[in-house]
**Q** 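My questions all concern the structure below.
To find a chain, count down the sequence lines: A is the first, B the second, and so on, and within it residues start at 1. Computed over heavy atoms, backbone and side chain alike; hydrogens, waters and symmetry mates excluded.
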2 protein chains.
Amino acid sequence: MKTLSIKDIAVKANVSITTVSFIINGKAKEKSISEAVIKKVEKIIEESGYKPNQIARSLRTGNSNIIGLIVEDISNSFFAKIARLIEDKAYKRGYKIIYSSTENNVEKAQELINMFKSRKVDAYIISPVKGLEEDIRMLINDNKPVILFDRNLRDVQANYVGANHFSASYQSIESFIAQGKRNIALVTTDIDVQQITERFEGYKKALLDYGLTYREELVLKIHFNQNEASTIDEIKMLFNSEKIDAVLFATNYLAISGLKVLKSIKKKIGAELSVIAYDDHEAFELHTPGISTVQQPLEEIAETVIKLLLSQLSSKSILPNQEVIIPATLIIRN
Amino acid sequence: MKTLSIKDIAVKANVSITTVSFIINGKAKEKSISEAVIKKVEKIIEESGYKPNQIARSLRTGNSNIIGLIVEDISNSFFAKIARLIEDKAYKRGYKIIYSSTENNVEKAQELINMFKSRKVDAYIISPVKGLEEDIRMLINDNKPVILFDRNLRDVQANYVGANHFSASYQSIESFIAQGKRNIALVTTDIDVQQITERFEGYKKALLDYGLTYREELVLKIHFNQNEASTIDEIKMLFNSEKIDAVLFATNYLAISGLKVLKSIKKKIGAELSVIAYDDHEAFELHTPGISTVQQPLEEIAETVIKLLLSQLSSKSILPNQEVIIPATLIIRN
DNA sequence: CTGAAAGCGCTTACAG
DNA sequence: CTGAAAGCGCTTACAG
């Protein structure tokens, strides 16, 4: 069974390809096609199950109704949830999503952008990697809508949507201090992206503002992408060598590794040790005792991203850059 | 900056479009293009940063190097992890993935297939919904490689890769019985897909084989897609109205809701209540006490799916259907 | 109110 | 060893 083309429909309906095309694209009125012809053609389309070839359409029009979504790692629950929300919202507006994971690797991210370019995606949603500045600038020069999210890039003028990582981190430390904690550790990663450095800055600033000293030995920077066993070893060493009465984990997967360590060394969470994890995870509510977390408003982030993107897509010209900073919420669970 | 076309390259190199095309597609040797011309053209391509327009290529060749991946819900960690593994493996072989979530909705699934069709994806990987049989049959008739995974469809002849849900479920119940449990509950969903019914059958069969009676009131079928609060209420009712000393949760998200209930009604997991969750989740290892789980070998499933797909993609003709059933493993954690 | 024709950027059978 | 030309399936400016 050969798939049908617009020509087949035109032949069947005894009209020109042009007429069929106008009808398919809802321009029948505007082009004053007669009611009778519209009905006839629509009926044939309906009955035959004809679907326009989007590839041909894209080639001709230069756009695709596809939005490229580039995240760090789709299997991380934060990104998986954001991706799903964005997918839903985009879908309702007639856009499809192609996603891919960068694994925090510049080369992979660049390849992805090139692939998306050659597929003529209409817009980009990117949780960027350092080193991608030039590529993003080129997209913007090409007049493509680009929204960065989760983390910003210092040297690039682009729209950005993200949580206020600095203040969420600051508040977390404040809450430890209010509980009388003094030996406050931070377990974070070594990737040099804004959302991670902000969390670090918030930690440091809060300590200093409350008259505590910042001690390097209480900050553990885990190498990104290393296997979990090594991460667990390093965290174990931290707890064995330092006196710690509170700890902020800068990502949810680090917190999960950290909780495994605490369980294995039988360190009780509670009065003697307070814990906050950045980015919620099902495991934290369930944990005994419940683990306090910083929650980013996923729904609001996804909605803002899509709104910004759609407004750019409809107004041909790129709007002035907007940075939308959304507050994150500290959920205390014990 | 206008994007370059093959014509621009041809003009710059002072050769025909045909020659450039042969070189780009690695057919230079075969078409005996001279070494000098190859070098010259490659140099120009390199310097100009020219990337062939994949849309035009797809229109011409009828394929896209894209694989469509249709899952139930990309934000579920099982699917997110499988998607990521498949993405990695496909990427290495030069294929990209477009994914989308069906939300267990036939209409949405059909729309997705249509969208993928009109984008000329080369192959389909589908965790199907009941009611999709006809659509899948049409794909196969169109000679498109299709791999079903996670769940099979009874009335359709397609390649399938999935875990042995029946036997994993059976073993779980066996392990309860070995611990002397007699009042064994099952919390499952009401969706009528093979992997869920198999888990139910395994439960029932094990009970009967060991001389226990199957009691309907110990099986709770949660409506798919209902909000978590209702799920929690129903599970709470089950535990309040029945005497239960062991429970198998048929999905990881049901187990998470279930554990919240047990926590809230202060029912201790251990000697008086055994728990097994189907599909692992970070929360289960971390839970105190650790929750036993059935683990599907994600890596192996993803690898098998890709292998089957690629072998179909390369051998023009569709291979006879294969069903690859991979054993799942019961991990005891307490 | 409707149609013929150009063109989007490729690939490839055919010719030389 | 290389090129001119048809054609994939659309959209749209132009003509009538």
**Q** Which residues within residues 33-47 of chain A lie with some heavy atom under 4.0 Å of an atom in DNA chain D?
**A**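 Those residues: none at all.
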**Q** Round to the nearest Å and state the distance from B/Ile6 atom CD1 to C/dC8 atom C1'.
**A**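 It is 14 Å, rounded to the nearest whole Å.
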**Q** With sequence neighbours excluded, what pairs up with A/Glu46 under the side chain to side chain contact (heavy atoms under 4.5 Å, CB included) test?
**A**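 Checked A/Glu46 against side chain to side chain contact (heavy atoms under 4.5 Å, CB included); zero matches.
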**Q** Looking at B/Lys96 and B/Glu87, is any side-chain nitrogen of the basic one under 4.0 Å from a carboxylate oxygen of the acidic one?
**A**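 Salt bridge: no.
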**Q** Give a yes/no answer on whether the side chain of A/Lys27 brings an N or O atom under 4.0 Å of OP1 or OP2 in D/dT12.
**A**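 For D/dT12, OP1/OP2 do have a side-chain N/O of A/Lys27 under 4.0 Å.
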**Q** Tell me, which of residues 8-22 of chain A have any heavy atom that sits under 4.0 Å from an atom in DNA chain C?
**A**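 Of all residues in residues 8-22 of chain A, the ones placing a heavy atom under 4.0 Å from DNA chain C are A/Val15, A/Ser16, A/Thr18, A/Thr19.
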**Q** How many whole angstroms separate atom CG of A/Asn63 from atom P of C/dC8?
**A**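 These atoms are roughly 16 Å apart.
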**Q** According to the ring-ring contact (aromatic ring centres under 6.0 Å, His included) rule, which pairs have a member within residues 113-159 of chain A, sequence neighbours left out?
**A**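 Checked against ring-ring contact (aromatic ring centres under 6.0 Å, His included) - neighbours excluded - no pair reaches residues 113-159 of chain A.
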**Q** Report the distance from atom CD1 of A/Ile23 to atom C1' of C/dC1, rounded to the nearest whole Å.
**A**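 Result: 12 Å.
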**Q** Using whole Å, report how far NZ of B/Lys7 lies from P of C/dC8.
**A**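 From B/Lys7 NZ to C/dC8 P: 7 Å.
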**Q** With sequence neighbours excluded, what pairs up with A/Glu47 under the side chain to side chain contact (heavy atoms under 4.5 Å, CB included) test?
**A**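 Residues passing side chain to side chain contact (heavy atoms under 4.5 Å, CB included) with A/Glu47: A/Lys43.
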**Q** Applying ring-ring contact (aromatic ring centres under 6.0 Å, His included), which residue pairs with at least one partner in residues 7-52 of chain A are found, sequence neighbours left out?
**A**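 Residue pairs passing ring-ring contact (aromatic ring centres under 6.0 Å, His included), neighbours aside: none found.
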**Q** So, is A/Tyr50 near the phosphate of D/dC10, with a side-chain N or O under 4.0 Å from OP1 or OP2?
**A**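 Answer is yes, contact under 4.0 Å.
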**Q** What integer distance in Å separates A/Lys120:NZ from D/dC10:C1'?
**A**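 Taking atom C1' of D/dC10 as the reference, NZ of A/Lys120 is at 16 Å.
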**Q** For B/Glu323, is the CD atom crowded, meaning more than 12 foreign heavy atoms sit under 6.0 Å from it?
**A**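 Yes, CD of B/Glu323 has more than 12 neighbouring heavy atoms, counting only those of other groups under 6.0 Å.
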**Q** Would you please name every residue forming a side-chain hydrogen bond (donor to acceptor under 3.5 Å, both in side chains) with A/Lys40, sequence neighbours left out?
**A**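 Result, side-chain hydrogen bond (donor to acceptor under 3.5 Å, both in side chains) vs A/Lys40: none returned.
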**Q** side-chain hydrogen bond (donor to acceptor under 3.5 Å, both in side chains) with A/Glu299: which residues, sequence neighbours excluded?
**A**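 Here the qualifying residues are A/Lys89.
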**Q** Return the nearest nucleotide to the side chain of B/Leu59; candidates are D/dT11, C/dT11, D/dC8.
**A**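 Nearest listed nucleotide: D/dC8.
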**Q** Strictly below 4.0 Å, N to O, side chains only: are A/Asp88 and A/Arg84 in salt-bridge contact?
**A**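 Salt bridge: yes.
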**Q** Given D/dT11, is OP1 or OP2 found less than 4.0 Å from the side-chain N or O atoms of A/Asn25?
**A**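 So the side chain of A/Asn25 is within the cut-off, an N or O lying under 4.0 Å from OP1 or OP2 of D/dT11.
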**Q** Looking at residues at least two apart in the chain, or sitting in another chain, which of them share a side-chain hydrogen bond (donor to acceptor under 3.5 Å, both in side chains) with B/Asn76?
**A**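 B/Asn76: no side-chain hydrogen bond (donor to acceptor under 3.5 Å, both in side chains) contacts found.
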**Q** Which nucleotide in the list C/dC10, C/dG9, D/dT11 gets nearest to the side chain of A/Arg57?
**A**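 In terms of side-chain proximity for A/Arg57, the closest of C/dC10, C/dG9, D/dT11 is D/dT11.
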**Q** Test: ring-ring contact (aromatic ring centres under 6.0 Å, His included). Region: residues 55-111 of chain B. Which pairs qualify, not counting sequence neighbours?
**A**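 Qualifying pairs, neighbours excluded: A/Tyr99-B/Tyr99.
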**Q** Within the 4.0 Å heavy-atom criterion, would you say A/Arg60 contacts the bases, only the backbone, or no part of the nucleic acid?
**A**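 Base, at least one base heavy atom under 4.0 Å.
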**Q** Give the stems involving DNA chain D, where a stem is 3 or more consecutive Watson-Crick or G-U wobble pairs (i with j, i+1 with j-1, and so on) under 3.5 Å.
**A**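 For DNA chain D the paired stretches long enough to count as stems (3 pairs minimum) are C:1-3 with D:14-16, C:5-12 with D:5-12, C:14-16 with D:1-3.
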**Q** Starting at atom NZ of A/Lys117, determine the distance to atom C1' of C/dG9, rounded to an integer number of angstrom.
**A**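 It is 17 Å, rounded to the nearest whole Å.
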**Q** Using the salt bridge (charged side-chain N to carboxylate O under 4.0 Å, His left out) rule, collect all pairs that involve residues 107-118 of chain B, keeping only residues at least two apart or in two chains.
**A**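 Qualifying pairs, neighbours excluded: B/Glu103-B/Lys108.
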